[in-house]
2 protein chains.
Amino acid sequence: MSDSLDVEISPHSESFIQHFGEMGSRWGINRTVGQMCALLVVTEKPLNADQIGAALHISRSNVSMGLKELQSWNLLRAVTVAGDRKDYFTTPDDVWEMARTLIEERRKREIDPTLSMLRSVLLQEQATGEDSYALNKMNDMHDLIELLVSWLNEMQTLKSQRLMKLLKLGSGVNKILDLTDRVSGRS
Amino acid sequence: MSDSLDVEISPHSESFIQHFGEMGSRWGINRTVGQMCALLVVTEKPLNADQIGAALHISRSNVSMGLKELQSWNLLRAVTVAGDRKDYFTTPDDVWEMARTLIEERRKREIDPTLSMLRSVLLQEQATGEDSYALNKMNDMHDLIELLVSWLNEMQTLKSQRLMKLLKLGSGVNKILDLTDRVSGRS
DNA sequence: CCTTAATTTCAGTAATTATTGAAATTTAGC
DNA sequence: GCTAAATTTCAATAATTACTGAAATTAAGG
């Protein structure tokens, strides 16, 4: 059964969708995918591919490719409607969940490959000590990224409530750290 | 006085530079700029534009544009050599400093504009309560991003040593948080 | 199974972004 | 302030990436 193709988009939502389209290029994603994601976020009901295409004035095939892309980012929830053969899509309700997913995926794509590369280069490091300046830099970078990644992973294990509390504390954590230092007598 | 155009690049460094070129596209930067940055990181001595171009096999004008781009990311240190009219460039020695700069710049380009957009949309919010679902989502997103950004800003104020300690603590902070909660009687 | 709706794939084309060489501008030393 | 070296700008073009419509594939309902 074909639903209406008219998806009501308020001016506010329109701004929001446009913005995500423009920002898309600054992220690794393209305009269309950014707009699709934004549309699904601000639309309460799940949408089918035709509705998405109509709302954003893009072709059906472009929608299909965009959905595949969003799926690869784990940002899609598929919904099946009884008596309708079309697939309906929406994004997770909780923006915190989305943020976590986004951070995790970006880590996988943008940081992990560099960590692997650095590991493999440093592993092959000959005993010759040649180009020690460069190897030293790579080592520093490796350690930094490894620390960041393992910290990120630990944060990912926390419940959203806990994470929020931690974030709100901000550099206040520093004071606590200060305290524990003094107690255990470290610098 | 024209230095040699031959910049020695070890196989290790070559892998490193290639990798940053490829990853460049996943970041918002292009291949060439990624390679230039990587080259300057692993090369001890500052390089001039001709040397960079020769090392990466790119045109002089491309180097010029790339340098401008890197400059806009605050990732360049310019060095003047006595008796040489050419400009020499390198990246900051400390990879932690570079990481901080990178995170700050990415925040400015990728997060701040979205925060502004959300603020302005939410500010215009009419009393009508129309499209409340979308406005609600934007509000959630606004609060999340604001929290993240202010946390990032606070972290930026910490000294590298302090930051490292905090990162190493990881979710261990959670236990301390737990403790303070119990002491002050919160959940 | 067969039919038809729905989705995906893909080759061609459009749009965007990156790169170049030549010309213009800037800069430093005389 | 003149000269020559160094750098930047910019219009042309190369390379890449995005988008489309048509054809192929998949999947649901009888």
Side-chain angles (χ1 to χ4, degrees), chain A residues 1-5 17-18 20-40 46-73 76 78-89 109, chain B residues 1-5 17-18 20-40 46-73 76 78-89 109:
Chain A
M1 207 62 342
S2 67
D3 252 89
S4 163
L5 284 189
I17 292 167
Q18 275 319 104
F20 272 78
E22 284 156 31
M23 292 303 283
S25 34
R26 301 205 191 175
W27 285 62
I29 65 169
N30 71 36
R31 186 161 36 88
T32 306
V33 174
Q35 291 179 339
M36 283 178 55
C37 184
L39 173 67
L40 295 177
L47 300 178
N48 64 47
D50 291 320
Q51 291 173 319
I52 295 171
L56 302 177
H57 310 290
I58 58 177
S59 72
R60 182 62 185 72
S61 52
N62 203 1
V63 174
S64 179
M65 285 167 148
L67 286 171
K68 222 170 69 172
E69 173 81 5
L70 282 177
Q71 213 121 43
S72 84
W73 281 86
L76 235 44
V79 177
T80 44
V81 174
D84 190 338
R85 288 167 63 166
K86 290 197 177 74
D87 293 334
Y88 287 78
F89 300 94
R109 291 157 200 242
Chain B
M1 208 64 336
S2 68
D3 251 89
S4 163
L5 284 189
I17 291 167
Q18 275 318 105
F20 272 78
E22 285 157 31
M23 293 302 283
S25 32
R26 302 204 191 176
W27 285 61
I29 64 169
N30 71 37
R31 186 160 36 90
T32 305
V33 174
Q35 290 179 338
M36 283 177 56
C37 185
L39 174 66
L40 294 178
L47 300 177
N48 64 46
D50 291 320
Q51 291 172 319
I52 295 170
L56 302 177
H57 310 289
I58 57 178
S59 72
R60 182 62 186 72
S61 52
N62 203 0
V63 174
S64 179
M65 285 167 149
L67 286 170
K68 222 170 69 173
E69 174 81 5
L70 282 178
Q71 213 121 42
S72 84
W73 281 87
L76 235 45
V79 177
T80 44
V81 174
D84 190 337
R85 289 168 62 168
K86 289 198 178 73
D87 294 332
Y88 286 77
F89 300 93
R109 291 157 199 242

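As the structure is a prediction and not an experimental result, all values here were calculated from the model. Per chain, numbering begins at 1; letters A, B, ... match sequence-line order. Computed from heavy atoms alone, side chains included, the values below leave out hydrogens, waters and symmetry copies.
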| query | Roughly how far, to the nearest 0.5 Å, is CD1 of A:Ile29 from CE of A:Met23? | reply | 10.0 Å
| request: Sort out for me which residue in A:Val79, A:Leu76, A:Leu70 forms a side-chain contact (heavy atoms from CB on, under 4.5 Å) with A:Phe89. | output: A:Leu76
| query | Does B:Arg26 make a cation-pi contact with A:Trp27 (under 6.0 Å, within 45 degrees of the axis)? | reply | no
| task | Using atom CD1 of A:Ile29 as one end and atom C1' of D:dA18 as the other, report the distance to the nearest whole Å. | result | 13 Å
| request: Name the residue closer to the 5' end of DNA chain D, choosing between B:Ser61 and B:Ser25 according to the nucleotide with the nearest heavy atom. | output: B:Ser61
| request: Confirm from the modelled atom types if B:Arg85 and D:dA5 form a donor-acceptor pair under 3.5 Å, side chain to base only. | output: yes
| request: Would you mind reading off the distance between B:Asn62 atom CG and D:dT8 atom P, rounded to a whole angstrom? | output: 13 Å
| So does B:Asn30 get a side-chain nitrogen or oxygen closer than 4.0 Å to the phosphate oxygens (OP1/OP2) of D:dT16? | no
| remark: A:Asp84 atom CG is separated from C:dA6 atom C1', nearest whole Å, by 10 Å
| request: Check the distance between D:dT17's C1' and A:Trp27's CH2 and give it to me in whole angstrom. | output: 20 Å
| Base C:dG21 to side chain B:Ser59, donor-acceptor N/O within 3.5 Å cut-off | no
| Sugar-phosphate only, base, or nothing, as touched by B:Asp87 at under 4.0 Å among non-hydrogen atoms | sugar-phosphate
| task | Tell me whether the OP1 or OP2 atom of D:dC19 has a side-chain N or O from A:Thr32 closer than 4.0 Å. | result | yes
| Any side-chain N or O of A:Arg31 under 4.0 Å from OP1/OP2 of C:dA15? | no
| message | Without decimals, in angstroms, what is the distance between B:Lys86 NZ and D:dT8 P? | response | 13 Å
| query | Any sub-3.5 Å donor-acceptor pair from B:Gln35's side-chain atoms to B:Thr32's backbone N or O? | reply | no
| field | Separation of atom CG in A:Asp50 from atom P in D:dG21, rounded to whole Å | value | 13 Å
| note | From CG of B:Leu56 across to P of C:dA18 the rounded distance in Å is 16 Å
| message | On a heavy-atom basis, which atom in A:Ala38 and which in A:Phe20 lie closest, and how many Å separate them? | response | CB-CB, 3.7 Å
| query | With sugar-phosphate meaning primed atoms plus P, OP1 and OP2, does B:Arg60 contact a base, only sugar-phosphate, or nothing at under 4.0 Å between heavy atoms? | reply | base
| said: Output the rounded distance in Å from CD (A:Gln71) to C1' (C:dT8). | reply: 13 Å
| message | Heavy-atom nearest nucleotide on DNA chain D for B:Ala49 versus B:Met65: which residue maps closer to 5'? | response | B:Ala49
| query | OP1 or OP2 of C:dT7 less than 4.0 angstrom from a side-chain nitrogen or oxygen of A:Lys68, does that happen here? | reply | no
| request: Give one of base, sugar-phosphate or nothing for B:Ile58, where a contact means two heavy atoms less than 4.0 Å apart. | output: sugar-phosphate
